Amino acid sequence: MVYAANPNRYEKLPYRRVSDSGLIVPALSFGLWRNLGDQMPLANSREVILTAFDNGIFSFDNASNYGPGNGTAEETFGQVYRSDLRPYRNELVITTKAGYHMWPGPLGQFSGKKTLVNALDLSLQRMGLDYVDIFYAHRWDPETRLEETAQTLDLLVRQGKVLYVGVSNYTAEQTAAIAKIFADLGTPFIGNQVSYNMLNQGAKNSGLLDILDQHHAGLFAYGPLAEGLLTDRYLDGIPDDFPVHQTNEFLFKNGKQALENKLRALNDLAQSRQQTLSQMSLAWLLQDRRVASVVIGASKVDHLLGNLQFTKHPDFTQDELARIDEILA
Ligand SMILES: NC(=O)c1ccc[n+]([C@@H]2O[C@H](COP(=O)([O-])OP(=O)(O)OC[C@H]3O[C@@H](n4cnc5c(N)ncnc54)[C@H](OP(=O)(O)O)[C@@H]3O)[C@@H](O)[C@H]2O)c1
């Protein structure tokens, strides 16, 4: 059946400008990291992606290595783009990244010129695109001169393959260093995509949000639900084989029990706000205008639709914020 997007899609979710740039993004972006690769039936992936778009999520986040299986998430997105979303290209903010392991050999990772140039070409082919809206250097490269990485991203903009550039997983100091080079080159630097959620507030505490703001860039918060910890999924206990992301490993430093107690206390607060824990977690991130967009992941349509309901109660009282700080202390 020919897909026709919901005509009311822009009334469902707030969107915001990234700093004072010309780029506007939805409050929530949809990421294809580990749930929509080749292990998921295409019909399910298509349903989730189109449900996101129909509900105001017009930004989709990919990376060369997403899948599982390198390139398979971009291939999935490419199939849905070709069959359904192509007529909406002007409305879509499509982002991808390169830098984690992408193909065999020493040139298949990090941020040298040859690696970034080839990775982007492969991403464009897989997704069936002429350009991406944001291209990120996916991680800090300890060996390549920062100027080379910045100049390559700048070149890709000048070639018309990329509209804005970003970095991902860069610390506050690393972000400041590359932002200065971008400013000298005149490169449209749009932001840093980092792990940020109620349990993991490093982006705020390290000064990263301030640095981005000073450079007219925004923060794109990934992993807002901490691999599902900030949902009602683990309130009765976190399994021993819980697949924690490296950025959230520290959450277990006082043991599983301590973390479970925090999750239950946060859930009680969410319920007092007539919200689920995941809805409160998304609302909490979006209180800060320097957070340009929160990048969520879901393979189940029900999860996606439930999370979108955070818009019913986006604000917090001072008492609620103080209670969250108390629980997390
Ligand atoms: N730049 C980077 O290095 C980097 C790293 C990690 C992620 N990212 C980006 O951020 C995106 C999101 O990351 P993430 O997947 O960690 O995000 P997340 O939204 O924090 O967590 C997604 C997980 O939470 C579950 N979930 C979502 N809503 C739920 C609900 N209402 N109830 C119960 N479970 C729920 C999902 O389960 P189901 O699948 O069962 O729906 C999924 O397992 C990625 O796709 C990627 O685009 C970037």
Side-chain angles (χ1 to χ4, degrees), residues 25 27-37 39-40 44-45 47-49 51-52 57 59-68 72-74 76-77 93-102 109 111 123 132 134-140 166-171 175 191-200 202-203 219-236 238-239 242-249 251 263 267 270 275-285 291-310:
V25 288
L28 301 184
S29 298
F30 186 80
L32 284 83
W33 172 29
R34 56 179 169 193
N35 296 321
L36 302 189
Q39 292 180 341
M40 174 68 74
N44 184 88
S45 300
E47 187 188 7
V48 181
I49 291 170
T51 301
I57 299 182
S59 176
F60 292 91
D61 185 60
N62 268 299
S64 277
N65 64 320
Y66 284 177
T72 62
E74 287 183 332
T76 297
F77 184 79
V93 175
I94 303 173
T95 66
T96 196
K97 321 179 193 77
Y100 279 100
H101 192 265
M102 298 175 284
Q109 58 178 337
S111 316
S123 292
V132 290
I134 306 176
F135 185 48
Y136 294 96
H138 205 162
R139 60 169 160 168
W140 177 256
V167 294
S168 179
N169 300 307
Y170 276 39
T171 65
T175 304
N192 189 352
Q193 189 182 113
V194 293
S195 173
Y196 188 28
N197 59 60
M198 269 198 298
L199 299 167
N200 175 2
L219 187 134
F220 294 79
Y222 76 69
L225 304 178
E227 283 80 61
L229 286 175
L230 287 167
T231 70
D232 50 17
R233 195 180 259 187
Y234 300 112
L235 294 173
D236 293 331
I238 303 168
F242 175 77
V244 67
H245 188 252
Q246 55 188 351
T247 53
N248 287 325
E249 274 168 6
L251 299 177
L263 299 180
N267 188 58
Q275 266 182 331
T276 64
L277 178 52
S278 57
Q279 290 160 0
M280 184 174 82
S281 303
L282 299 174
W284 182 88
L285 281 167
V291 174
S293 189
V294 172
V295 191
I296 60 168
S299 53
K300 299 190 180 60
V301 168
D302 289 352
H303 287 162
L304 175 63
L305 290 174
N307 294 346
L308 279 157
Q309 296 300 313
F310 85 90

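Read the numbers this way: they start at 1 and go in the same order the structure lists the ligands and their atoms. Because the structure is predicted, anything quoted here is derived from the model rather than measured.
At a heavy-atom distance under 4.0 Å, only backbone atoms of Leu32 (N, CA, C or O) approach ligand 1. Only backbone heavy atoms of Ala226 (N, CA, C or O) come within less than 4.0 Å of ligand 1; its side chain stays farther off. With a heavy-atom cut-off of 4.0 Å, His138 touches ligand 1 through its side chain alone. Residue-level proximity to ligand 1 for Thr247 is absent, since no heavy atom of it falls below 4.0 angstrom. Here Ser278 has side-chain heavy atoms under 4.0 Å from ligand 1, and that is the only part of it that gets that close. Residue contacts with ligand 1, taken as heavy atom pairs separated by less than 4.0 Å, do not involve Tyr136 at all. Within the 4.0 Å heavy-atom criterion, the part of Ser168 lying near ligand 1 is the side chain and not the backbone.
Distance check, rounded to the nearest 0.5 Å: CD1 of Ile296 to CG of Leu308 gives 6.0 Å. Between atom OH of residue Tyr136 and atom CD1 of residue Ile134 there is a gap of 4.0 Å, rounded to the nearest 0.5 Å. Interatomic distance, Ser111 OG to Arg139 CZ, rounded to the nearest 0.5 Å: 8.0 Å. Taking CG of Leu277 as the reference point, atom CE of Met198 lies at 5.5 Å (rounded to 0.5 Å).
Of all atoms in ligand 1, listed by their number and element, those nearer than 4.0 Å to a heavy atom of Glu227 are 16 (O), 20 (O). Taking every heavy atom of Ala298 and a limit of under 4.0 angstrom, the matching atoms of ligand 1 come to 39 (O), 41 (O). Atoms of ligand 1 found under 4.0 Å from any heavy atom of Gln193, numbered from 1 in the order shown, are 1 (N), 2 (C), 4 (C), 8 (N), 9 (C), 48 (C). Within the listing of ligand 1, atoms 2 (C), 4 (C), 8 (N), 9 (C), 46 (C), 47 (O), 48 (C) sit less than 4.0 angstrom from a heavy atom of Tyr66.
At the shortest separation from atom 3 (O) of ligand 1 among protein heavy atoms lies Asn169 ND2, 2.9 Å. The shortest contact between atom 28 (N) of ligand 1 and any protein heavy atom is with Asn307 ND2, 2.9 Å. Among all protein heavy atoms, the one lying closest to atom 13 (O) of ligand 1 is Gly223 N, 3.7 Å. Considering only non-hydrogen protein atoms, atom 47 (O) of ligand 1 sits nearest to Asp61 OD2, 2.6 Å. The nearest heavy-atom contact from the protein to atom 44 (C) of ligand 1 is Trp33 CB, 3.3 Å. Atom 39 (O) of ligand 1 has its closest protein heavy atom at Ser299 OG, 2.6 Å. Atom 22 (C) of ligand 1 has as its closest protein heavy atom Gly297 O, 3.1 Å. At the top of the distance list for atom 12 (C) of ligand 1, counting protein heavy atoms only, stands Val295 O, 3.3 Å.
For atom 43 (O) of ligand 1, the choice among Arg34, His303, Lys97, Arg233 with the nearest heavy atom turns out to be Arg233.
Between Pro224 and ligand 1, at least one pair of N/O atoms sits closer than 3.5 Å. Checked against a 3.5 angstrom limit, the closest N/O atoms of Tyr100 and ligand 1 fall outside it.
Listed here is the closest heavy atom pair of Ser64 and Glu74: N-OE2, 3.7 Å.
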Check the pair Ser29 / Ser293 against side-chain hydrogen bond (donor to acceptor under 3.5 Å, both in side chains), numbers first and verdict last.
CA-CA 6 Å; Ser29 298; Ser293 189; 2.7 Å; yes
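With 3.5 Å as the limit, one finds a donor-acceptor pair spanning the side chains of Thr247 and Ser195. A donor atom on one side chain and an acceptor atom on the other are found under 3.5 Å apart for Asn169 and Tyr222. With 3.5 Å as the limit, one finds a donor-acceptor pair spanning the side chains of Glu227 and Asn248.
Annotation: side chain of His138 is not in contact with side chain of Gln109 (no heavy-atom distance under 4.5 Å). With contacts defined as side-chain heavy-atom distances shorter than 4.5 Å, the pair Leu304/Val48 qualifies. Contact of the Thr51 side chain with the Ile57 side chain is not registered, since no non-hydrogen atoms from C-beta on lie closer than 4.5 Å.
Each of Phe30, Phe60, Tyr66 was compared with Phe77 under the side-chain contact (heavy atoms from CB on, under 4.5 Å) criterion, and only Phe60 meets it.
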